[in-house]
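When a ligand or atom number is given, it counts from 1 through the structure's own listing order.
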Amino acid sequence: MKAIIYYFSATGNSLKVARDLAQELNGAVVYPVTKALKENQDESYNALGIVFPVYMFGLPLIIVDFLKYIKVRPGAYFFSVATLGGLPGRAHSLAKKILCKRDIKLAAGFSVLMPGNYTPLYGAIPNEQQEKMFTNEKNKIKNIAEYVRLQKRVTIEEKPFLINLLLYKLLYWAGSRTIPDSDKGFWINDACTKCGLCEKVCPVANIRLKEGRPEWLHNCQHCMACLQWCPVEAIQYKKSTSGKKRYRHPLITAQDITGQR
Ligand SMILES: Cc1cc2nc3c(=O)[nH]c(=O)nc-3n(C[C@H](O)[C@H](O)[C@H](O)COP(=O)(O)O)c2cc1C
């Protein structure tokens with residue numbers, strides 16, 4: 001089986017899942033969505049996975065774009081893997097709908113619980129709890145790899161159905177179009193050392209430096225990479241992130257995230 005796993009990741013959860021899955025699948029290719037969107041695609045893969053974080057109970061906008069763009073060989077096994085802090089909403093269903101319009105079948109949609117990274121609402125969970133989630137993630141990835149090897153068609157994992165549907169309708173359906181401009185809420189405090197890491201880790205090049213300090217360009221994915229990777233926690237979002245513990249996957253580096261571009 002020739003397999004490729006595409007990913008989009010701000011704080012490393014989705015990248016770690018993509019790497020672990022690739023390892024279980026005997027060295028499948030791991031490739032960033034951000035780069036794939038700019039290139040012609042190799043259509044020789046017979047298994048394709050896409051790993052992404054759930055945003056507002058739906059899909060990151062860049063994943064929507066990618067699903068409209070990706071080239072898939074007829075008959076290939078195509079699956080999605082969502083990483084999430086609590087509930088998947090309708091992320092897989094939305095992916096399925098977009099693909100269906102292009103006559104591509106989503107064979108399976110897996111959901112993997114990971115530490116949440118939405119600092120405007122909550123700080124990072126304690127390290128011991130994170131470790132438990134990482135152990136569960138390893139087991140879950142083994143199961144997913146088994147399904148992929150057997151090319152099984154599986155019901156998409158979006159339970160409980162009604163709550164996920166309601167949250168999706170309330171938040172994503174209504175709010176997703178405001179995401180590109182949501183960076184107007186970011187600001188920096190006096191701790192900024194002008195190191196420029198925020199500009200490098202932004203997966204979609206939405207930050208430019210002016211006299212060493214970040215300026216956001218209003219093409220944001222709202223992924224929080226800039227805020228999470230700032231080494232001195234100078235980047236804040238509105239009034240809700242000061243003093244909240246930041247989150248980054250402990251086995252993923254800033255270079256891994258900058259490598260997406
Ligand atoms: C803008 C935003 C919205 C999010 N919305 C959800 C959500 O609706 N449901 C959920 O379970 N987690 C949500 N999360 C948490 C992430 O999906 C989760 O932490 C994910 O694993 C992060 O992946 P990454 O480290 O690869 O970026 C959200 C995070 C962000 C930044």
Compute the shortest N/O to N/O distance between [X] and ligand 1 and return yes if it is under 3.5 Å, no if not.
X     : answer
Leu87 : yes
Ala10 : yes
Ser14 : yes

- [ ] Could you tell me whether Lys2 sits above the aromatic face of Tyr45, with NZ or CZ closer than 6.0 angstrom to the six-membered ring centre and within 45 degrees of the axis?
- [x]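 Ring-cation test returns yes.
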
Open item on the list: Under 4.0 Å between a side-chain nitrogen and a carboxylate oxygen: does that hold for Arg19 and Asp256?
Closed with: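 Looking at Asp256 together with Arg19, the answer is yes, because their closest N to O distance falls below 4.0 Å.
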
- [ ] Decide whether Val51 and Phe110 are clustered together by the hydrophobic rule: side chain heavy atoms of Ile, Leu, Val, Met, Phe, Trp, Tyr closer than 4.5 Å, transitively.
- [x]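 As far as the 4.5 Å side-chain criterion goes, Phe110 and Val51 are connected within one cluster.
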
- [ ] For the pair Tyr168 and Tyr172, name the ring-plane relationship: parallel under 30°, tilted 30 to 60°, perpendicular over 60°.
- [x]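 Plane angle under 30°, so parallel.
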
TODO: Might you confirm whether atom NZ of Lys96 has over 12 heavy atoms from other residues, nucleotides or ligands at distances under 6.0 Å?
DONE: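 No, the 6.0 Å shell around NZ holds no more than 12 heavy atoms from other groups.
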
Show me which atoms of ligand 1 lie under 4.0 Å from any heavy atom of [X].
X      : result
Asn13  : 19 (O), 20 (C), 21 (O), 22 (C), 23 (O), 24 (P), 25 (O), 26 (O)
Gly86  : 10 (C), 11 (O)
Gly116 : 19 (O)
Phe57  : 7 (C), 8 (O), 9 (N)

Open item on the list: Using every non-hydrogen atom in the two residues, find where Ile179 and Ser182 come nearest and quote the distance to one decimal.
Closed with: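 Scanning both residues completely, I find the closest heavy atoms to be O-OG, 2.7 Å.
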
Task: ligand 1-proximal atoms of Cys223, by part, heavy-atom distance under 4.0 Å - done: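 Looking at Cys223 and ligand 1, just backbone atoms fall under 4.0 Å.
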
Options [options], ranked by nearest heavy atom to [atom], top entry:
atom                    : options                       : answer
atom 12 (N) of ligand 1 : Pro53, Gly85, Gly12, Ala82    : Gly85
atom 21 (O) of ligand 1 : Leu171, Thr83, Val51, Leu121  : Thr83
atom 5 (N) of ligand 1  : Arg248, Met56, Met133, Lys16  : Met56
atom 13 (C) of ligand 1 : Val17, Leu84, Val54           : Val54
atom 18 (C) of ligand 1 : Thr11, Asn164, Thr119, Asn117 : Asn117

TODO: Could you check if a side-chain atom of Ile70 sits within less than 4.5 angstrom of a side-chain atom of Gln41, using non-hydrogen atoms only?
DONE: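 When only atoms from C-beta onward are counted, Gln41 and Ile70 do touch, with a gap below 4.5 Å.
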
Task: Within-4.5 Å side-chain heavy-atom neighbours: Tyr7 and Phe52 - done: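 In short, these two side chains do not touch, never coming nearer than 4.5 Å.
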
- [ ] Can you spot which of Leu113, Asn117, Asn13, Leu15 makes a side-chain contact (heavy atoms from CB on, under 4.5 Å) with Thr83?
- [x]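 When side-chain contact (heavy atoms from CB on, under 4.5 Å) is applied between Thr83 and each of Leu113, Asn117, Asn13, Leu15, only Asn13 qualifies.
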
- [ ] Write out the residue and atom name of the closest protein heavy atom to atom 1 (C) of ligand 1, then the distance separating them to 0.1 Å.
- [x]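 Residue, atom and distance for the closest contact: His222 O, 3.3 Å.
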
Task: Ring centroid separation Phe186 to Tyr237 under 6.0 Å - done: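 Yes, the ring of Phe186 comes within the 6.0 Å limit of the ring of Tyr237, centre to centre.
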
Task: Close approach of Pro115 to ligand 1, heavy atoms, under 4.0 angstrom - done: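 Yes, that is the case, since the closest heavy atom of the residue is under 4.0 Å from the ligand.
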
